[in-house]
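Below: one structure, written as structure tokens.
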Amino acid sequence: MAMPSSSPALHAVPDALTYLAGSWSVERELYDGGNTGSFTGRAEFRTDGADEAWLHAEEGVVEWGDAAWNAGRTLLMLPLPDGTAEVSFADGRPFHLLDLRRGRWTAVHQCAADRYEGTFTVLSPDEWHLRWAVCGPTKDQLLTSVYRRVPR
């Protein structure tokens, strides 16, 4: 499931939320200071219904050592007129901008002393990858995810 080290061909996306709309399988490798684990689940991108906002909701199972547990998260996404989107945490705090118009985007989020750098790479209409590197005084994490569209 590891992402290839060579530069893959990119798939330009004129409108991020139109591209993301629907259900995706998620396979994620987790690295935290020498320990490894995985997350397997599904992601759904859909309108919130209340306003222009979209939801990015993930649910699945984390496996870490001998333990496994259910996990999930929800992000809010606000479409912008140019096809990009503002991404926020579920409580409304800003997270990052998302611009997939060239098929690749790097977002940076500073959280206190911790720096989060996410690289979004769109490979096709049905597959994209996300790599989050997190570093700080007490953090050394890498999360690599592969998203594949679930057929309707």
Give a yes or no on whether the ring-centroid distance for Trp132 and Phe39 is below 6.0 angstrom.
no
What closest approach, in Å, do Pro94 and Ser88 show between heavy atoms, and which atom pair accounts for it?
CA-OG, 4.1 Å
What is the minimum heavy-atom distance between Trp24 and Leu20, and which atoms define it?
NE1-O, 2.8 Å
Work out which heavy atom in Leu97 is nearest to a heavy atom in Ala107; give both atom names and the distance.
O-CB, 3.9 Å
State plainly whether one hydrophobic cluster holds both Val13 and Leu78, where clusters connect Ile, Leu, Val, Met, Phe, Trp and Tyr through side-chain heavy atoms under 4.5 angstrom apart.
no
Think Arg73 forms a cation-pi with Phe89, using NZ or CZ under 6.0 Å from the six-ring centre and within 45 degrees of its axis?
no
Any salt bridge between Arg42 and Glu44, counting N to O under 4.0 Å?
no
Rounded at 0.5 Å granularity, tell me how far CG in Leu80 sits from CD in Glu52.
9.0 Å
Just verifying a value: how many Å separate His56 NE2 and Arg46 CZ, rounded to the nearest 0.5 Å?
10.5 Å
Side-chain heavy-atom pair Leu76, Leu55 within 4.5 angstrom cut-off
yes
Close aromatic pair by centroid cut-off 6.0 Å: Phe120 and Trp105:
no
Could you tell me whether a side-chain N or O of Arg104 sits under 3.5 Å from a main-chain N or O of Leu10, the two making a donor and an acceptor?
no
Measure the spacing between OG of Ser25 and CZ of Arg148 and express it to the nearest 0.5 Å.
6.5 Å
In terms of heavy-atom contacts, Val122 and Tyr19 come closest through CG1-OH, 3.4 Å
Nearest 0.5 Å, what's the CZ-CG distance between Arg28 and Leu130?
7.0 Å
When you compare the side chains of Arg131 and Thr144, does any donor N or O come within less than 3.5 Å of an acceptor on the partner?
no
Taking every heavy atom of Asp15 against every heavy atom of Leu17, the minimum-distance pair comes out as OD1-N, 3.2 Å
Taken to the nearest 0.5 Å, the spacing of Asp32 CG from Asp140 CG works out to 7.5 Å
Side-chain donor or acceptor of Glu63 paired with backbone N/O of Gly65 under 3.5 Å:
no
Would you kindly confirm whether Leu75 and Trp128 end up in one hydrophobic cluster when ILVMFWY residues are joined by side chain heavy atoms under 4.5 Å apart?
yes
Evaluate the criterion side-chain contact (heavy atoms from CB on, under 4.5 Å) for residue pair Leu143 and Leu30; output intermediate values, then yes/no.
CA-CA 5 Å; Leu143 295 84; Leu30 313 168; 3.7 Å; yes
Step by step, work out the side-chain contact (heavy atoms from CB on, under 4.5 Å) result for Thr36 and Glu29.
CA-CA 7 Å; Thr36 61; Glu29 293 179 356; over 6 Å; no
Please report the C-alpha distance between Arg101 and Asp82 in whole Å, then the side-chain angles of each, then the deciding distance to 0.1 Å, and finally whether the side-chain contact (heavy atoms from CB on, under 4.5 Å) criterion is met.
CA-CA 9 Å; Arg101 294 175 293 182; Asp82 61 0; 3.6 Å; yes
Which of these, Glu58, His129, Glu27, Glu127, sits in a side-chain hydrogen bond (donor to acceptor under 3.5 Å, both in side chains) with Tyr147?
Glu58
side-chain contact (heavy atoms from CB on, under 4.5 Å) evaluation trace for Leu98 with Thr84:
CA-CA 6 Å; Leu98 180 60; Thr84 63; over 6 Å; no
Just how far is it from atom OG1 of Thr106 to atom NE2 of His96, taken to the nearest 0.5 Å?
11.0 Å
Over all atoms of both residues, closest heavy-atom pair of Asp114 and Gly136
OD1-CA, 3.4 Å
